[in-house]
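Below: the structure, in structure tokens.
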Amino acid sequence: MKKLVAILSIFATQYNFARHIIIDAEQPQLIKVYAEDTESLNLVKNIMSACGLYCQETTTCSKGDNCLYILAGSDIKLDQQSLPDNYIVYYTKPFKTVHPELLQNALVIWDVSWENIARYKNAFSHYYYLPNENYTYLDPVILSCYLPLDLLSTYKKLLQYSNSVNTDISSHVPTLFCHAYFLKPSIMVEAGVRGHEGSNVALQAVTQPYNSYLIGIDINDDSRVYNNIPHATFLQMDDRKFPAHFKTMKVNKSTIDFIFIDTSHEYQHTVDEIRLFTPMLSEHGALGFHDSNIAPLYNRTAYARLNGTILRGNWEDAVRGVAPAIKQELNIDFDEAQYVNRTFTKDSYVWRFIHYPFCNGLTIVKRIQKI
Ligand SMILES: C[S@@+](CC[C@H](N)C(=O)[O-])C[C@H]1O[C@@H](n2cnc3c(N)ncnc32)[C@H](O)[C@@H]1O
């Protein structure tokens, strides 16, 4: 075991994936790695081991084997007939030629270079920038490897949406989808709706695989957004009144699996939400928070998206109560500007805390074990 840890540390040092990314989800299928060169192969293997994923090296690709392939390199020489059914393209270096058919059929394109991305992004928007020296970018990118094959086309659409619709939450849409999906939710709550955008797009997509029940809450009337979602209810109310209201609802479960909070971002309001919603969570339930890192760049006037765009605006006076409320109520200190993946203990549970600094911040706090 010591030897294994030592080997992993060497890889981690080499590629700076010093901390393991822990997702608390099962790997649903075998991952096969078809790499053009040893460097690309080692890079994929290091990423997989940093994330606790199992992969197998291969020199040929097959159809119909229900595996997820990672095709890694800079000039992947596979013709249309030889491509596997389900694959991620990982450009590990600058490439010479864009191969439209390869990219069109890829479930996701991971790319080490913005110059590469610039050459195809107008035609193919299902990409993620994945620099090989910075694990901050690795967590959102790797989540697709924990999805079953039949959900990867949904994921692809969400990634296309996320890279095309530039908002303060757009980068988090695939991430939110994955984290909510991993909870196998029967009931989810979206507190703060506003429209069919951002969180609503992600959570609506999760309702399909599990036939989950989605409850939307907003102080304003956003009922039109919910009219088109089967198995969903919209409640126009202050979300702090929801716990009492939930007791009167005729649902077949007394707890909620995922509560996503994106409302006023005021400190006291967020404190109230954490205190009121935490007791409603199921055994392996989670809270999600948007706006836990509002406009951190250029003297708090801008934020960066995962697609490389930066939005500058008038954010100096923005309400920034979410992160302080999380820190106080969960008794956890973190730097909002950094990616964080760690556990903490509270109220007889071990919780996982994952914080994504991009796009005004997304924080997931989930119960993983009762003590
Ligand atoms: C930032 S928007 C939500 C955005 C949405 N989640 C998305 O991803 O696009 C915040 C929403 O919270 C709602 N809101 C503010 N205070 C609230 C409260 N006390 N209870 C319920 N909703 C509230 C606002 O009406 C607004 O629609």
Side-chain angles (χ1 to χ4, degrees), residues 140 157-181 185 188-207 214-229 232-246 249 256 258-278 280 286-295 303 305-307 309 311 313-315 317-323 325-326 329 356 358-365:
K157 284 188 198 130
L158 295 175
L159 182 57
Q160 287 165 332
Y161 168 90
S162 131
N163 281 331
S164 324
V165 181
N166 283 330
T167 68
D168 68 339
I169 195 172
S170 51
S171 287
H172 299 307
V173 169
T175 311
L176 192 53
F177 168 75
C178 290
H179 282 295
Y181 172 81
M188 297 183 286
V189 167
E190 181 189 26
V193 176
R194 191 174 55 188
H196 179 58
E197 51 186 305
S199 54
N200 192 262
V201 172
L203 298 181
Q204 185 177 345
V206 180
T207 61
L214 180 60
I215 303 170
I217 310 168
D218 203 290
I219 201 103
N220 292 326
D221 183 6
D222 285 323
S223 51
R224 72 193 185 289
V225 178
Y226 271 70
N227 286 344
N228 300 323
I229 310 176
T233 299
F234 175 76
L235 304 169
Q236 183 179 2
M237 61 167 61
D238 185 317
D239 67 341
R240 286 166 287 197
K241 298 203 169 126
F242 174 65
H245 182 86
F246 185 62
M249 288 175 80
I256 298 177
F258 187 46
I259 306 181
F260 182 69
I261 302 169
D262 185 9
T263 54
S264 71
H265 317 132
E266 283 166 8
Y267 170 76
Q268 190 53 51
H269 185 183
T270 312
V271 167
D272 294 344
E273 288 170 324
I274 295 172
R275 289 185 187 170
L276 288 163
F277 294 163
T278 305
M280 302 181 81
L287 298 176
F289 300 86
H290 183 226
D291 291 292
S292 47
N293 183 32
I294 293 189
Y303 63 80
R305 301 190 188 92
L306 279 168
N307 64 2
T309 55
L311 185 85
N314 187 14
W315 296 89
D317 300 328
V319 181
R320 290 183 158 88
V322 175
I326 295 172
E329 288 305 299
Y356 301 94
F358 317 102
C359 222
N360 278 350
L362 170 71
T363 307
I364 304 289
V365 185

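In this text, all values refer to a predicted model and were calculated from it rather than measured experimentally. Ligands are counted one by one from 1 in listed order, and the atoms in each one are counted from 1 as well.
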Going by the order shown, which atoms of ligand 1 are within less than 4.0 Å of some heavy atom of [X]?
| X | result |
| --- | --- |
| Gly192 | 3 (C), 5 (C), 6 (N), 11 (C), 12 (O) |
| Ile169 | 8 (O) |
| Met237 | 20 (N), 21 (C) |
| Asn220 | 25 (O) |
| Gly198 | 8 (O) |

Over all heavy atoms of both residues, which pair between Pro185 and Ala180 is shortest? Give the atoms and the distance, please.
->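 Heavy atoms only, the tightest pair is CD-O, 3.2 Å.
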
With a 4.0 Å cut-off on heavy atoms, is His290 touching ligand 1?
->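 His290 does not count as a contact of ligand 1 under the 4.0 Å cut-off.
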
Flag the pair His196 / Asn228 as yes when at least one side-chain heavy-atom distance between them is below 4.5 Å, and no otherwise.
->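 Side-chain contact under 4.5 Å: no.
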
Min side-chain heavy-atom separation Cys359-Ser170 under 4.5 Å =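 In short, these two side chains touch, coming nearer than 4.5 Å.
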
Under 3.5 Å between some N or O of ligand 1 and some N or O of [X]?
| X | value |
| --- | --- |
| Asp239 | yes |
| Ile217 | no |
| Glu190 | no |
| Ser199 | yes |
| Phe260 | no |

Verdict with supporting geometry, Asp168 and His290, side chain to side chain contact (heavy atoms under 4.5 Å, CB included) | CA-CA 9 Å; Asp168 68 339; His290 183 226; 3.6 Å; yes

Start with the C-alpha distance between Phe258 and Ile364, add both sets of side-chain angles, then the distance that settles side chain to side chain contact (heavy atoms under 4.5 Å, CB included), and finish with yes or no.
-> CA-CA 10 Å; Phe258 187 46; Ile364 304 289; 4.3 Å; yes

Of all the non-hydrogen atoms in the protein, which one sits nearest to [atom], and at what distance?
| atom | result |
| --- | --- |
| atom 12 (O) of ligand 1 | Thr263 CA, 3.3 Å |
| atom 22 (N) of ligand 1 | Ile219 N, 3.1 Å |
| atom 10 (C) of ligand 1 | Asp262 O, 3.2 Å |
| atom 11 (C) of ligand 1 | Asp218 OD2, 3.5 Å |
| atom 19 (N) of ligand 1 | His269 CE1, 3.0 Å |
| atom 5 (C) of ligand 1 | Val193 O, 3.3 Å |

Worked check of side chain to side chain contact (heavy atoms under 4.5 Å, CB included) between Phe234 and Glu190 = CA-CA 9 Å; Phe234 175 76; Glu190 181 189 26; over 6 Å; no

Salt bridge (charged side-chain N to carboxylate O under 4.0 Å, His left out) contacts touching residues 258-278 (sequence neighbours left out) = Arg240-Asp272, Arg275-Glu329

In sequence, state the C-alpha distance, the side-chain angles, and the governing distance for Ile256 and Phe277, and then conclude on side chain to side chain contact (heavy atoms under 4.5 Å, CB included).
-> CA-CA 9 Å; Ile256 298 177; Phe277 294 163; over 6 Å; no

Residues two or more places apart in sequence or in another chain: which of them pass side chain to side chain contact (heavy atoms under 4.5 Å, CB included) with Leu311?
->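 So Leu311 forms a side chain to side chain contact (heavy atoms under 4.5 Å, CB included) with Tyr303, Arg305, Trp315.
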
Identify whether the distance between the nearest side-chain nitrogen and carboxylate oxygen of Asp239 and Lys241 falls below 4.0 Å.
->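 Between Lys241 and Asp239 there is no salt bridge, as every charged N stays at least 4.0 Å from the carboxylate O atoms.
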
What is the distance from atom OH of Tyr226 to atom CG of Asn200, rounded to the nearest 0.5 Å?
->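 That separation rounds to 5.0 Å.
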
